[in-house]
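Take a look at the structure below.
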Amino acid sequence: MSTLSRRIVPATAIAGAMMLLLSGCLSGENASSAPAAAGSAEGAEWSTDSLSLDFATYNPLSLIVRDQGLIEEALGDGVTVEWVQSAGSNKANEFLRAGSIDVGSTAGSAALLARANGSPIKVIDIYSQPEWSALVVPADSDITSVADLAGRSVAATPGTDPYFFLLQALETEGLGIGDVQLQNLQHADGRAALEAGSVDAWAGLDPIMAGAEAESGAKLLYRNVDFNSYGFLNATEDFIDNHADVAQVVVDAYEDARAWALENPEETAALLAEVAGIDPSVASTVITERSNLDVSGVPGDDQLAVLEVIAPVLVDSDAVQGGDQAVQNALESIVHDEFARAATSS
């Protein structure tokens, strides 16, 4: 049984175990382990009978949680768990806003944008501090600097970290999004367009970006780890408020997955390679060099500090309907650290 199953036990399961103890049905050395077993027992009562959450290749911990069945083990047969793949932060945010999923994986910048625009989500866990974005050009490109992008076509996925990376990179050269020909493409389509010669550059995302480097010789034109935001695990406010018991299970599973990933980097890379359909060596680069899973899962000041730098970029890009005030309100309300604090304190 996983540490998750031992950690989270529904109140009804605990009460039932206590009644058995009092009636003398449980005795001897095994009596103390009964509540742990009840955590994943059939018939355990939870606040909901269904849970929908995403998995994404840019969120390696989600792959582990899903592959090892950590949530299913803890919840037992009383809760149906549905997994939905997110192709990017924008898609995860669409699912969350539509109520298609309860928990979804995004970059911090994308979560801030979504909340500022009225999506009722909060970050409940941090899954990584990655360098997952960079500006990418073909192997034979004559583009050698960000300044050279002026007037060129650039593929990017609005509402995602690579898009905000592009905005910040352009700003370093006094350029704005209006100075390039933006091609709104999902991440995988951006790589395809780059390799087909349909665009001059691409705001890339790992592991797709690492695959382009290894398989087609694509070059990273511009890197800056400070322009990448953290990996946010977000939940809808309805899920947080009305299904806190199940939300705790999800976050506990993520923390178990983090511990496993840090102890088993090769296996983590192999799982990423399998799900993403990329070469194991590429997956290894993503996991060992660019993901940084060894961070605290508790959202707070470190993440807000990064978002405060990104906030003016959101406002200036006119991506937020309510402008600066909406972004500031989102910054003040986006963090919900209760579940992560509980998960990391045991």
Side-chain angles (χ1 to χ4, degrees), residues 2-5 7-8 10 39-40 44 46-108 110-111 114-115 119-128 160 230-261 268 271-272 274-276 291 293 297-299 334-340 342-343:
S2 72
T3 56
L4 174 63
S5 297
R7 188 186 301 142
I8 296 297
S40 58
W46 300 91
S47 62
T48 180
D49 59 6
S50 65
L51 166 66
S52 295
L53 68 167
D54 78 346
F55 68 99
T57 56
Y58 54 85
N59 176 2
L61 297 189
S62 71
L63 307 184
I64 296 169
V65 173
R66 175 173 172 262
D67 182 67
Q68 297 186 3
L70 298 178
I71 292 173
E72 290 85 348
E73 178 186 355
L75 294 177
D77 295 336
V79 179
T80 300
V81 179
E82 178 187 18
W83 289 95
V84 178
Q85 184 166 11
S86 291
S89 293
N90 61 323
K91 294 301 182 183
N93 274 327
E94 288 175 13
F95 295 150
L96 285 163
R97 187 153 195 157
S100 301
I101 58 175
D102 303 302
V103 182
S105 317
T106 74
R115 185 164 181 85
S119 182
I121 61 169
K122 293 188 176 185
V123 54
I124 59 174
D125 194 58
I126 301 300
Y127 58 82
S128 67
T160 69
Y230 286 76
F232 276 29
L233 186 69
N234 308 301
T236 62
E237 290 182 348
D238 175 77
F239 185 67
I240 292 170
D241 294 340
N242 297 313
H243 308 297
D245 55 342
V246 178
Q248 188 67 65
V249 168
V250 173
V251 175
D252 286 345
Y254 262 79
E255 292 309 314
D256 281 354
R258 187 193 315 279
W260 188 88
T268 301
L271 179 58
L272 174 61
E274 177 184 352
V275 177
S291 292
L293 304 175
V298 181
I334 196 169
V335 171
H336 186 95
D337 65 1
E338 176 182 333
F339 305 125

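Atoms considered below: every heavy atom in the structure, side chains included; atoms not considered: hydrogens, waters and symmetry mates.
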With rounding to the nearest 0.5 Å, note down the distance linking [atom1] in [X] to [atom2] in [Y].
{"X": "Asp252", "Y": "Phe339", "atom1": "CG", "atom2": "CZ", "value": "10.0 Å"}
{"X": "Lys122", "Y": "Thr236", "atom1": "NZ", "atom2": "OG1", "value": "11.5 Å"}
{"X": "Asn59", "Y": "Leu233", "atom1": "CG", "atom2": "CG", "value": "7.0 Å"}

**OP:** Only counting residues at least two apart or in another chain, list the ones meeting side-chain hydrogen bond (donor to acceptor under 3.5 Å, both in side chains) with Ser119.
**Re:**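 Once residues adjacent in sequence are excluded, Ser119 has no partner under the side-chain hydrogen bond (donor to acceptor under 3.5 Å, both in side chains) criterion.
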
Check [X] against [Y] and note the closest heavy-atom contact, atom names and distance.
{"X": "Phe239", "Y": "Ala235", "value": "CD2-CB, 3.9 Å"}
{"X": "Asp337", "Y": "Pro299", "value": "CB-O, 3.6 Å"}
{"X": "Leu293", "Y": "Ala261", "value": "CD1-CB, 3.8 Å"}
{"X": "Ser291", "Y": "Ser128", "value": "O-CB, 3.4 Å"}
{"X": "Ile101", "Y": "Ala92", "value": "CD1-O, 4.0 Å"}
{"X": "Thr268", "Y": "Pro60", "value": "CG2-CB, 4.4 Å"}

Are [X] and [Y] close enough that some pair of their side-chain heavy atoms sits under 4.5 Å apart?
{"X": "Arg66", "Y": "Ile64", "answer": "no"}
{"X": "Leu272", "Y": "Leu63", "answer": "yes"}
{"X": "Phe232", "Y": "Ile121", "answer": "no"}
{"X": "Ile124", "Y": "Ile240", "answer": "yes"}
{"X": "Phe55", "Y": "Leu61", "answer": "no"}
{"X": "Leu96", "Y": "Val103", "answer": "no"}
{"X": "Thr57", "Y": "Gln85", "answer": "yes"}
{"X": "Ser105", "Y": "Ser86", "answer": "no"}

Original post:
In terms of side-chain heavy atoms, does His243 have a donor or acceptor partner in Ser47 at a distance below 3.5 Å?
Top reply: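 Indeed, the side chains of His243 and Ser47 share at least one donor-acceptor pair under 3.5 Å.
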
Original post:
Does the side chain of Trp260 come under 3.5 Å of the side chain of Glu255 through a donor N or O and an acceptor N or O?
Top reply: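 There is no such pair between these side chains.
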
Original post:
Would Ile71 and Val65 count as a side chain to side chain contact (heavy atoms under 4.5 Å, CB included) if you check the C-alpha gap in whole Å, the side-chain angles of each, and the deciding distance to 0.1 Å?
Top reply: CA-CA 7 Å; Ile71 292 173; Val65 173; 3.7 Å; yes

**OP:** For side chain to side chain contact (heavy atoms under 4.5 Å, CB included), just list the numbers for Asp49 and Thr80, CA-CA rounded to whole Å, side-chain angles, deciding distance to a tenth of an Å, and then say yes or no.
**Re:** CA-CA 6 Å; Asp49 59 6; Thr80 300; over 6 Å; no

**OP:** Show the numbers, then the answer: is there a side chain to side chain contact (heavy atoms under 4.5 Å, CB included) between Leu51 and Trp46?
**Re:** CA-CA 11 Å; Leu51 166 66; Trp46 300 91; over 6 Å; no

**OP:** Answer yes or no: is there an ion pair linking Glu237 with Arg115, defined by an N-O contact shorter than 4.0 Å?
**Re:**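 A salt bridge links Glu237 with Arg115.
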
Original post:
Is the shortest side-chain N to carboxylate O distance from Asp125 to Arg258 below 4.0 Å?
Top reply: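 Yes, Asp125 and Arg258 are salt-bridged.
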
Original post:
Using the ring of each side chain (for Trp, its six-membered ring), is Tyr127 parallel, tilted or perpendicular to Tyr254, with breaks at 30° and 60°?
Top reply: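 Tilted: the ring planes of Tyr127 and Tyr254 meet at 30° to 60°.
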
**OP:** For side chain to side chain contact (heavy atoms under 4.5 Å, CB included), just list the numbers for Val84 and Glu82, CA-CA rounded to whole Å, side-chain angles, deciding distance to a tenth of an Å, and then say yes or no.
**Re:** CA-CA 7 Å; Val84 178; Glu82 178 187 18; 4.1 Å; yes

Original post:
Pairs in or reaching into residues 87-104: which pass side chain to side chain donor-acceptor pair (under 3.5 Å), with residues at least two apart or in two chains?
Top reply: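 Passing the test, one end in residues 87-104: Asn90-Gln186.
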
Original post:
Which residues pass the side-chain contact (heavy atoms from CB on, under 4.5 Å) test with Glu274, sequence neighbours left out?
Top reply: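 Residues passing side-chain contact (heavy atoms from CB on, under 4.5 Å) with Glu274: Leu271.
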
